[in-house]
Structure formats: structure tokens, C-alpha cells
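First listed ligand is number 1; within each ligand, the first listed atom is number 1. Computed from heavy atoms alone, side chains included, the values below leave out hydrogens, waters and symmetry copies.
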Amino acid sequence: MRFTGEHVDYVVIGAGIAGASVAAELAANGSVLLIERENQPGYHTTGRSAALFSQVYGPDQIRALSRASSRFYQNPPPGFTEHQLVHRRPVALMGRSDQADTVHAEFEQVRGRGDVSLITGNQLREMMPLLREGYAACALLENDSADIEVHALHQGYLRQLRERGGQLRTTSEVLGLSNANGCWSIETNQGRSYASTVINTAGAWADEIAGLAGTSRVGLVPKRRTALIVDAPEGHADNQWPMVVDIDEQFYLKPDAGKLLLSPADETPSPPCDAQPEEIDIAICIDRVQQAFDLDVRHIGNRWAGLRSFVADGVPVVGYADDVPGFFWLAGQGGYGIQTAPAMARVAAALIKDDQIPDDIAEEGVEIARLSPLRRTLTSEVT
Ligand SMILES: Cc1cc2nc3c(=O)[nH]c(=O)nc-3n(C[C@H](O)[C@H](O)[C@H](O)COP(=O)(O)OP(=O)(O)OC[C@H]3O[C@@H](n4cnc5c(N)ncnc54)[C@H](O)[C@@H]3O)c2cc1C
């Protein structure tokens, strides 16, 4: 089927969590077309996450966006989903004795924000009996973190988009973008559409979309991260166990539907692609996890990899480009794009409409200058 000539207010490119959530927000006040190359929205990074909601993870703007998203997770709008979006899952950022200073420094940064405490290695071992005796010296425990039902969240936004009159078009790849007199022409393998505003939510491909539009790239670097599912020692992982993350992010482990989800927390730069796990990363993962936990990995169930995309300062890119009219960025969500999506979509929708960002989000410390594609730290070297 070919589409020709339709004109909408907003074309959103990429139907992962970023595109679905901002498209749903925008559809409350305008006509929206959400375009996705794959036949399944969520096929790429959105469908490959560890599904964590943590308010102590990531740089300060991420933490602010996560805090601002927490009310949505606890109380989604009526009719958004029939599922509970979050289930409590404490997270322990753990350190050996040589990492104890880092744990303490991290704790000082988040003290008083949410339900966080410092615990000893022995206390952590009482919560997570697989931990080897004497391995951990201490941990920063976040008690009010959670597992996110990512599929329910994503589908909730797509349903909200449809209910508000917006359209999702899958198997539709954006191949060209041109602007004449303030009107965008969006060429896809299924035909052409027109829009006043284009929103770039193409994940790892966001810089490529910028290239098509003739606007400056932001220096996005997709980084591959691997995950695998293994059996727990007694055949069943206790769902009460916390997620345990090495404080220097060398590995993490969390219960997942009776099994264990492991990751080496790898960050290997990659071109945008359908990322696949590498044997070496799986081997590194098992080695690191087995040093910390009493776990004999004999069989790997599922394994996958996904791309977490970052700019140099690690903060998402949200705002209009200044060198072409009506081109809006919502990219660079790194490893936090699910947990921050509810607030990020509301911030983006407000800025797209030239409104102030909502007060409840500003009050959490979200600053639009820090998210702007025009900020100076965007492409500076990471220190
Ligand atoms: C192993 C792993 C663990 C993670 N854990 C967490 C976590 O615990 N918590 C958390 O919050 N985040 C986590 N993340 C990060 C999170 O998954 C991402 O930040 C988020 O999914 C990014 O969403 P997105 O919509 O920007 O990208 P994507 O989901 O990749 O969506 C972009 C879409 O754009 C489409 N597209 C690209 N080019 C075109 C084109 N030319 N035409 C049409 N469509 C196009 C793609 O097909 C794709 O579907 C994790 C990621 C990984 C890989």
C-alpha cells in the first residue's frame, strides 16, 4: 500500500518507547503519524532492556526525569493499561572493600532522595544468599526501585495514541526528508507524507535521520549491551531477591520470572544495527558474576544485546535543532529511556508546542538547557 499526500501536524520517526510516548502526548492536541521501519514497534532497544526503574541511577538530569516519572508509574491515567506498570524490586549498588569509597560517595549524592540506605556486605548477603561470603564490603540499597512492565507501558502509549486519533504506520522506513516553506516532506518506502514538525525518535539511528534532514548531527554513539538468562542454583530464583549491581558497573544480576538475568554491563561502541550478543561478552559476564556469586552457570537460556545510545555528556537530547525549522530531537536516552519516558515525553511535547515544561517536572530539577541539542557539552570529550 502506498500513501501519498497526507498532511499532519507531527510526524514522529521511530516507534520505540520514545516515539510511542511523545506521539501519544502530542495526539492530545494535534494530528500525529508515528512511522516505524520494523513490523514490530519495540523490536530494537525498547524490547531489549533490563526493565529497571531506579531513582539513583544515572546523571542528575536522568535522576530528575526518573523522579518526575514515578507518579505516572504508580498511577497511570485511567484506561492506560490493565496491568500494574511497576513491581517493587530493591536495587543494591554493591562494592568490595576496594570499592567502598565509591559506594559511600554515591550514597552522599543520593542521600535524602527516596528510600536509600547504606548496608553492610553481610546485610546484603542476608537479602541475596547467592552472594559469596566476604565478597561485598557494603552496598547502597535503594528500597523503592522497581521492575517495569515495559511491554504494558509501550502498548499503553500506542493505545493512547490510537484513541486520540493518531496513526502508527509500521514496516515504513523513512528514506528522505526535505523542508520547503516550513513544511516537511517525509519520504518512506510506503509513499510520502507532509508535516509541520518532524520528531526524531529513531534511537541508535537518530543521527542518520538528522543527516537525511540536513541538520547537524549530535555525535550519538550507540553502545552494545549484552544480557542473558540462566537458571538459579536450586532451579528457582526467589523473586524477593534484590537486583545487585557492581558499583563500577562491571556486571549486574536480577531475578527474572524464576530465573536470573545477568549482564556484563558492556558498553561497546557500535554502528546502528540489529545488535547481537558476542560470545566474548557472554564469557566475561559469567566470569565476573561467578566471582561475586555462588552460581555455576551450565546452561544459558535466552541471550540478547541492544544498543544504548549516548552523546558525550550522557544526558538525553531534547529540543529543536536551530539550523532547520521544525526538526525536534528526542534521542540519546542511553540506559534510562524506559524509566524516564513518561516525564521525557511530557517535556518534549511541551517544548514542541513552545510551552513551558510542566511544573511538577521542573520542580524535580529538570532543566531544559541541560537537555538542549544546542548545549556546549553535547559533543565535548567525556571526562
Ligand atoms: C541490555 C539493555 C538494558 C537496558 N536496561 C534499561 C533499564 O533497566 N531501564 C531503562 O530505563 N532503560 C534501559 N535500557 C535503555 C532503554 O532500553 C533505551 O533507552 C530505550 O529503549 C530507547 O528507546 P528509543 O525509543 O529511543 O529507541 P528504540 O527502541 O531503538 O526505537 C527507535 C526506533 O526507531 C526506528 N527507526 C530507526 N530508523 C528509522 C527510519 N529511518 N524509519 C523508520 N523507523 C526508524 C527503529 O526501527 C526503532 O524501532 C536498556 C538497554 C539495553 C540494551
Compare all side-chain heavy atoms of K259 with those of N302 and state whether any distance is below 4.5 angstrom. no
Would D246 and R288 pass as an ion pair if we require N to O under 4.0 Å? no
Salt-bridge test for E367 and R375: reply yes if a basic N is under 4.0 Å from a carboxylate O, no otherwise. no
Ligand-residue contact atoms, ligand 1 with H44, heavy atoms, under 4.0 Å: 30 (O), 46 (C), 47 (O), 48 (C), 49 (O)
Out of curiosity, is Y43 lining ligand 1, as in a heavy atom under 4.0 Å away? no
Polar contacts were defined as any N/O atom of the residue lying under 3.5 Å from an N/O atom of the ligand; does this apply to A227 and ligand 1? no
Of the protein's non-hydrogen atoms, which lies at the shortest distance from atom 51 (C) of ligand 1, and what is that distance? R308 CG, 3.5 Å
Per-atom contacts, ligand 1 versus T201 - under 4.0 Å to a heavy atom: 32 (C), 34 (O)
Shortest non-hydrogen separation from I119 to L141 and the atoms involved: CD1-CB, 4.2 Å
Could you walk me through whether E364 and R113 pass the salt bridge (Lys or Arg N to Asp or Glu O under 4.0 Å) check? CA-CA 11 Å; E364 294 294 355; R113 297 240 191 232; 5.0 Å; no
Who's the nearest protein heavy-atom neighbour of atom 26 (O) of ligand 1, and how far? Q333 OE1, 3.5 Å
Considering A202, G16, S66 one by one, which has a heavy atom nearer to atom 31 (O) of ligand 1 than any of the others? G16
Are any of the side-chain heavy atoms of V366 and L371 separated by less than 4.5 Å? yes
Can a non-hydrogen atom of I209 be found less than 4.0 Å from any atom of ligand 1? yes
If you measure every N/O of I338 against every N/O of ligand 1, is any gap under 3.5 Å? yes
Any idea which atoms of ligand 1 are less than 4.0 Å away from a heavy-atom of E38? 47 (O)
Roughly how far apart are R303 CZ and L262 CG, rounded to 0.5 Å? 11.5 Å
Side chain to side chain, L228 and P277, heavy atoms closer than 4.5 Å: no
Would you call R48 and D274 a salt bridge, using N to O less than 4.0 angstrom? yes
Can you confirm, on distance only, whether ligand 1 has an N/O atom lying under 3.5 Å from any N/O atom belonging to G19? no
For atom 12 (N) of ligand 1, closest protein heavy-atom neighbour: G335 O, 3.0 Å
Do ligand 1 and G334 have nitrogen or oxygen atoms that lie under 3.5 Å from each other? yes
With respect to R37, determine whether any N or O atom, backbone or side chain, lies less than 3.5 Å from an N or O atom of ligand 1. yes
To which of W205, Y252, Y57 does the heavy atom nearest atom 38 (N) of ligand 1 belong? W205
With a 3.5 Å cut-off and no angle check, do the side chains of R164 and N29 form a donor-acceptor pair? no
On a heavy-atom basis, I'd like to know which of K223, Q339, E36 is closest to atom 35 (C) of ligand 1. E36
One thing to verify: whether E25 and K353 come together as a salt bridge, which I'm taking to mean a side-chain N less than 4.0 angstrom from a carboxylate O. no
Once rounded to the nearest 0.5 Å, what's the spacing between atom CZ of F328 and atom CD1 of I199? 7.5 Å
Among S309, A50, P222, whose heavy atom sits nearest atom 5 (N) of ligand 1? A50
Counting only nitrogen or oxygen atoms and a 3.5 angstrom limit, does A51 reach ligand 1? yes
Which of Q291, R125, R96 passes side chain to side chain donor-acceptor pair (under 3.5 Å) with Y135? It is R96
The test is salt bridge (Lys or Arg N to Asp or Glu O under 4.0 Å); show your working for R169 and E36 and say whether it passes. CA-CA 6 Å; R169 190 167 298 156; E36 169 57 46; over 6 Å; no
Nearest protein heavy atom to atom 50 (C) of ligand 1, by residue and atom, and its distance? S49 CB, 3.6 Å
Could you name the option among R48, E208, E173, H154 that has the heavy atom nearest to atom 2 (C) of ligand 1? R48
Identify the protein heavy atom lying closest to atom 9 (N) of ligand 1, giving its residue, its atom name and the separation to 0.1 Å. L52 O, 3.1 Å
Ligand 1 N/O within reach of A18 N/O, cut-off under 3.5 Å: yes
Heavy-atom nearest option to atom 24 (P) of ligand 1, drawn from T46, I148, T45: T46
Can a donor-acceptor pair be found between the side chains of Y57 and E249 at a distance below 3.5 Å? yes
Considering only non-hydrogen protein atoms, determine which one is nearest to atom 42 (N) of ligand 1 and report residue, atom name and distance to 0.1 Å. V174 N, 2.9 Å
Mark the output for S172 as yes if a heavy-atom distance to ligand 1 is under 4.0 Å, and as no if none is. yes
Ring center gap for F72 and F53 short of 6.0 angstrom: no
Between N200 and A206, is there a donor-acceptor pair closer than 3.5 Å when you use the side chain of the first and the backbone of the second? yes
Decide whether an N or O pair under 3.5 Å exists between G337 and ligand 1. yes
Could you list the atoms of ligand 1 found under 4.0 angstrom from a heavy atom of G14? 33 (C), 34 (O), 35 (C)
Heteroatom distance test (L307, ligand 1): nitrogen or oxygen, under 3.5 angstrom: no
With no hydrogens and no angle check, do the side chains of D9 and S31 hold a donor and an acceptor under 3.5 Å apart? yes
Say whether A305, considering both its backbone and side-chain N or O atoms, lies within less than 3.5 Å of an N or O atom on ligand 1. no
At less than 4.0 angstrom from any non-hydrogen atom of G306, what atoms of ligand 1 do you find? 53 (C)
If the cut-off is 4.0 Å to any non-hydrogen atom of G203, which atoms of ligand 1 fall inside it? 26 (O), 27 (O), 32 (C)
